[in-house]
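Working notes for the structure below.
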Amino acid sequence: MNRVSVDTAGRPPSVDALARELANRHSLPHAILVDCARRAIANSSAQQVTQRADQLATEFAQSLLREVVNATGVLLHTNLGRAPIEIHTSDRAANLELNMLTGERGSRQETVGKLLALLCGAESAIVVNNNAAAVLLVVAALANARDVAVSRGESVEIGGNFRIPEVTEQSGARLVDVGTTNRTRLRDYKKAIDKRGNDIALVLKVHPSNYRVSGFVEDTPMRELATLPVPVVADIGSGLVDNTCPWLEGRTPAWLANEPAARQTLSDGAALVMFSGDKLFGGPQCGVIAGRADLVDACAQHPLARALRPGSLTMIAMQSLALSYLGRTVTTDVAFWKMANISVSELQLRAEKIIRAAQVGDVCSLDSIPGAGSAPGATIASAGVVIAGDHLTKLRNRELPIIARVKDSKTYFDLRTVRSEDDHLLIDALRNLVE
Ligand SMILES: *Cc1c(COP(=O)(O)O)cnc(C)c1O
């Protein structure tokens, strides 16, 4: 490896010579290799400079965004981009804002919004960059510097610094705390609304996605909140569109039992629901606002809407997903629902095949989890392969990295989150680990 490292006088190589040497082993742009060479020369001895530069280039290549195999059993893995999606587009233009009937300027939200509204049983819907943006926009547009009432039990932080009090404040509204941490009843909301000095424009109900309080707890159901004299908007979080799951022929899986759904929350009287596109909806990163047409329109007209609008890739992916839901084909063409719907016996068969081909490992029963704060506490029975030892680093360093899970010095591959087309990659990796 010490091809250019030290000349006869013991001097380090020039940055340029070292960068050109690195190009023999790393297919990275010259500017990046120059940077690696420069850092290596600055920080290592003449003898170690080539080795160090190689290491820096390898580390950089490994840090690049790329495909990985998710064998963790976490269906919506936050570190792996939540819902995996497939987008087919070419570099042709798309009619993002062209009205095809009139030939005039149109809205990117119109058709996708219509499809989402149909799915959720809403009058209208729009898509923004994520659910945090949806909540921000709803509060900014509808509370408009007035007060927003939130139950103390729902004034939560949801991963990655999404904190209800701070989002409300950033929207220019004032948060009014209602009830107590563990119990908030309808009369607490009524009292807050009646109190002189409050100017409550909106009640915000938040699904505390990523944790669960047990014991002496009570929240106020949407049906009761809907009797209040101000609009009630609900951040339902993970974006189950309908808890009767018509796309699963109406068989709602047990793990979804406690998850709020857009259609039912709206029919219980919410004025709006907000949810993420990349959690249980199974789509790209985005947020959906659905409900009363006048309120959705007020959000769409707000100046922030322009800053929060998604691009054509997101809108195309959301359209294709909404069509899959409406056509009831999600279990064959949406990765998340494919993963969620596959039977344990099928996973066991795949595990047996993998083990037979790799000549190593055992079949094991596992519990997958929905992930990304969806359906907290719920698990989905699964199966996979287990081998002795912690092999995470080696698996992660493969050309197509495999992200597995380690417990008690054993490495587990949960097959629920692995595409069956990728089973051969696990076979290769397992063979490689025992060689
Ligand atoms: C996940 C989640 C958010 C944040 O959504 P992003 O799409 O990540 O911005 C907000 N509220 C709830 C209840 C959530 O579950």
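Start at 1 and go down the list; that is how both ligands and their atoms are numbered.
Ligand 1 has no N or O atom lying under 3.5 Å from any N or O atom of Ser238, backbone or side chain. For Ala372, no nitrogen or oxygen atom sits less than 3.5 Å from a nitrogen or oxygen atom of ligand 1, counting backbone and side chain alike. Ligand 1 has an N or O atom lying under 3.5 Å from an N or O atom of Asp235, backbone or side chain.
Of all atoms in ligand 1, numbered sequentially from 1 with element shown, those under 4.0 Å from a heavy atom of Gly237 are 12 (C), 13 (C), 14 (C), 15 (O). Each of the following atoms of ligand 1 lies closer than 4.0 Å to a heavy atom of His207: 13 (C). Ligand-side atoms of ligand 1 in range of Ser276: 1 (C), 5 (O), 6 (P), 7 (O), range being under 4.0 angstrom from any heavy atom. Those atoms of ligand 1 with a heavy atom of Phe162 less than 4.0 angstrom away are 10 (C), 11 (N). Below 4.0 Å from some heavy atom of Ala132 lie the following atoms of ligand 1, by number and element: 5 (O), 6 (P), 9 (O).
The aromatic rings of Tyr325 and Phe281 lie parallel to each other, their planes meeting at an angle below 30°, with 60° marking the opposite boundary.
Only the side chain of Ile158 comes within 4.0 Å of ligand 1, counting heavy atoms alone; its backbone N, CA, C and O stay farther away.
At distances below 3.5 Å, not a single donor-acceptor pair connects side-chain atoms of Ser382 with backbone N or O atoms of Asp367. In this structure, Thr227 contributes its side chain and Arg223 its backbone to no donor-acceptor pair below 3.5 Å. For Ser276 (side chain) and Asp278 (main-chain N/O), no donor-acceptor pair under 3.5 Å exists by modelled atom type. A donor-acceptor pair is defined here as one N or O able to donate and one able to accept, closer than 3.5 Å; no such pair exists between the side chain of Arg306 and the backbone of His302.
Between Trp255 and Ala378, the shortest heavy-atom contact is O-CB, 3.5 Å.
Checked by atom type, the side-chain pair Glu97/Ser107 shows no donor-acceptor distance below 3.5 Å.
Distances from atom 8 (O) of ligand 1 to the heavy atoms of Arg82, Met274, Lys279 put Arg82 nearest.
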